[in-house]
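For reference, the structure discussed in these notes is given below.
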Amino acid sequence: MKKEKLKGEQQFDQYYQEVYGQRWPSIKASLVPEVKHASISYDGMEPYFLDPASVVCALCLPLDGAGKVLDLCAAPGGKTLMVAGNLPENALLFSNERSPQRKGRLVKVVEESLPVSIAERVRCSCSDGSTWCRRESECYDSILLDAPCSSERHVLNDPKYLDDWTLSRIKTVSMEEWALLSCAFRLLKKGGWLLYATCALAPKENDGNIKKLLQKFPEAKVCPKEEMEKIFRANLASFRARLSSPDGMDFERIFSCAEDTEFGLHVIPDLSMGAGPLYFCLVKKE
């Protein structure tokens with residue numbers, strides 16, 4: 001029987017078994033338990049809880065010298081809180097979300113979890129990020145794109161999504177991610193940085209999209225892991241006082257557990273104390 005005729009958990013397992021081989025059962029098992037969350041806490045404000053891998057990812061975005069920063073798919077707001085806290089003086093953060101309902105959640109998180117002195121430099125908007133480049137171009141120094149993805153952890157923990165799963169889901173989502181990624185790169189200033197991230201395990205959504213970016217835009221250059229680690233450690237040092245992590249899940253250790261892919265890094269729960277999955281790749285526009 002052709003794979004296209006299968007669906008649900010059978011095809012889900014077949015596909016990821018082909019990608020990860022004998023490791024897939026341990027990865028699958030690691031996706032079932034609830035993530036142990038880290039927290040971001042500014043003095044006097046509501047704490048915010050998120051996957052420790054998301055903390056590590058957000059800390060890899062260079063912000064030195066930036067005047068305009070963009071979080072293109074920002075809701076529910078955890079990475080916006082982190083980027084905002086490391087903004088250079090007088091820099092602005094534009095946090096965007098396509099869904100009006102999720103944008104409302106983003107605004108609430110900014111209001112409840114950021115001090116006024118920082119929140120006043122965050123501009124929340126509701127727009128389709130994949131078409132933003134039709135209105136402006138090359139105007140942001142640093143961009144974070146945490147793209148909507150297949151989210152295998154969510155699929156596995158929702159019987160309805162799992163029963164309906166087919167390979168076409170990956171194809172459809174990766175096309176949407178590519179539209180966002182190519183638009184984000186057009187919005188990036190020359191010399192600027194773009195951090196692309198997903199919580200997907202499917203290579204087509206991760207390195208597959210970065211490969212397309214490098215083919216279409218010769219000025220796109222992937223940042224080596226060694227340089228990304230320097231950026232991560234510098235940002236962590238300035239933000240550490242606002243962070244707490246679950247026992248045994250310190251952020252340096254999670255970064256060290258991130259696995260090299262062709263272009264980026266991948267935090268996979270079975271080898272990262274349950275954090276993730278989270279893929280991220282840092283690209284410079286030369």
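- Salt bridge present: Glu259 and Arg23 bring a charged side-chain N and a carboxylate O closer than 4.0 Å.
- Put simply, the side chain of Tyr20 gets close to the backbone of Leu201: a donor and an acceptor are under 3.5 Å apart.
- A donor-acceptor pair under 3.5 Å links the side-chain atoms of Glu152 to the main chain of Ala202, judged by distance alone.
- Shown here are the salt bridge (charged side-chain N to carboxylate O under 4.0 Å, His left out) partners of Asp128, two or more places apart in sequence or in another chain: there are none.
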| request: Walk me through it: do Val283 and Leu213 pass the test side-chain contact (heavy atoms from CB on, under 4.5 Å)? | output: CA-CA 10 Å; Val283 176; Leu213 187 76; 4.1 Å; yes

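- Residues Arg186 and Phe217 meet the side-chain proximity criterion, which asks for heavy atoms closer than 4.5 Å.
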| said: Could you go through Val222 and Cys281, starting from their C-alpha distance and side-chain angles, then the distance that decides it, and tell me whether this counts as side-chain contact (heavy atoms from CB on, under 4.5 Å)? | reply: CA-CA 7 Å; Val222 171; Cys281 178; 4.0 Å; yes

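- Of all heavy-atom pairs between Gly67 and Asp141, the closest is N-OD2, 2.8 Å.
- Side-chain contact between Arg98 and Cys73: absent, with no pair of heavy atoms (C-beta onward) separated by less than 4.5 Å.
- Electrostatic pairing of Arg233 and Glu229 counts as a salt bridge here, judged by a charged N lying under 4.0 Å from a carboxylate O.
- Side chain of Asp270 to backbone of Ser30: no donor-acceptor contact under 3.5 angstrom is found.
- Shown here for Leu72 and Ala184, the closest heavy-atom pair between the two residues is CD2-CB, 4.0 Å.
- Side chain to side chain, Asp250 and Ser245 fail the donor-acceptor criterion of an N or O pair below 3.5 Å.
- Tyr279 and Val155 fall into different hydrophobic clusters, where Ile, Leu, Val, Met, Phe, Trp and Tyr are joined by side-chain heavy atoms under 4.5 Å apart, directly or via other members.
- Between the side chain of Asn206 and the main chain of Thr198, no donor-acceptor pair closer than 3.5 Å is present.
- Between Ser95 and Asp71, the side chains place no donor N or O within less than 3.5 Å of an acceptor N or O (distance only, hydrogens not considered).
- Between Leu236 and Leu59, the shortest heavy-atom distance links the atoms CD1-CD1, 3.7 Å.
- With Ser137 contributing its side chain and Cys133 its backbone, the two residues share no donor-acceptor pair below 3.5 Å.
- In this structure, Cys57 and Leu195 have side chains that are in contact, with non-hydrogen atoms separated by less than 4.5 Å.
- In this pair, Tyr15 and Trp165 present their aromatic rings tilted. The plane angle is within the 30 to 60° band.
- Between Phe280 and Val56 there is a side-chain heavy-atom pair separated by less than 4.5 Å.
- Minimum interatomic distance between Gly85 and Tyr42 (heavy atoms only, all atoms of both residues): CA-OH, 3.1 Å.
- Ring geometry, Trp132 versus Tyr140: the interplanar angle exceeds 60°, so the pair is classed perpendicular (tilted spans 30 to 60°).
- No side-chain heavy atom of Tyr16 sits less than 4.5 Å from a side-chain heavy atom of Lys28.
- Using a distance-only test at 3.5 Å, with no hydrogens or angles considered, a donor-acceptor pair links the side chain of Asn157 to the main chain of Arg153.
- Residues Ser26 and Leu271 have side chains not in contact (no heavy-atom distance under 4.5 Å, counting atoms from C-beta outward).
- A salt bridge is absent between Lys108 and Glu46: the closest approach of a Lys/Arg side-chain nitrogen to an acidic carboxylate oxygen does not fall below 4.0 angstrom.
- The number of heavy atoms from other shown groups lying within 6.0 Å of CZ (Arg135) is above 12.
- Side-chain N/O atoms of Glu205 and Ser150 include a donor and acceptor closer than 3.5 Å.
- Taking the charged nitrogens against the carboxylate oxygens, Lys285 and Glu138 do have a contact shorter than 4.0 Å, which makes a salt bridge.
- Nearest heavy atoms, Ile254 versus Met249: CD1-O, 3.6 Å.
- In this structure, Arg102 contributes its side chain and Ala74 its backbone to no donor-acceptor pair below 3.5 Å.
- Heavy atoms from other residues, nucleotides or ligands lying under 6.0 Å from CD of Gln101 number 12 at most.
- Within the 3.5 Å criterion, the main-chain N or O of Phe94 finds no donor-acceptor partner in the side chain of Arg123.
- Side chains of Asn86 and Ser238: a donor-acceptor N/O pair is present below 3.5 angstrom, by distance only.
- For the pair Val19 and Trp24, the minimum side-chain heavy-atom distance is 4.5 Å or more.
- When side chains are defined from C-beta on, Leu282 does not count as touching Leu194, because their heavy atoms never get closer than 4.5 Å.
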| task | Apply side-chain contact (heavy atoms from CB on, under 4.5 Å) to Phe12 and Leu162, showing your working. | result | CA-CA 8 Å; Phe12 185 87; Leu162 186 58; 4.0 Å; yes

| query | Does the pair Arg242 and Leu81 meet the rule for a side-chain contact (heavy atoms from CB on, under 4.5 Å), with working shown? | reply | CA-CA 10 Å; Arg242 303 185 181 111; Leu81 298 183; over 6 Å; no

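- No donor-acceptor pair closer than 3.5 Å links the side chain of His37 to the backbone N or O of Pro246.
- Listed here is the closest heavy atom pair of Ala38 and Val55: CB-CG2, 4.2 Å.
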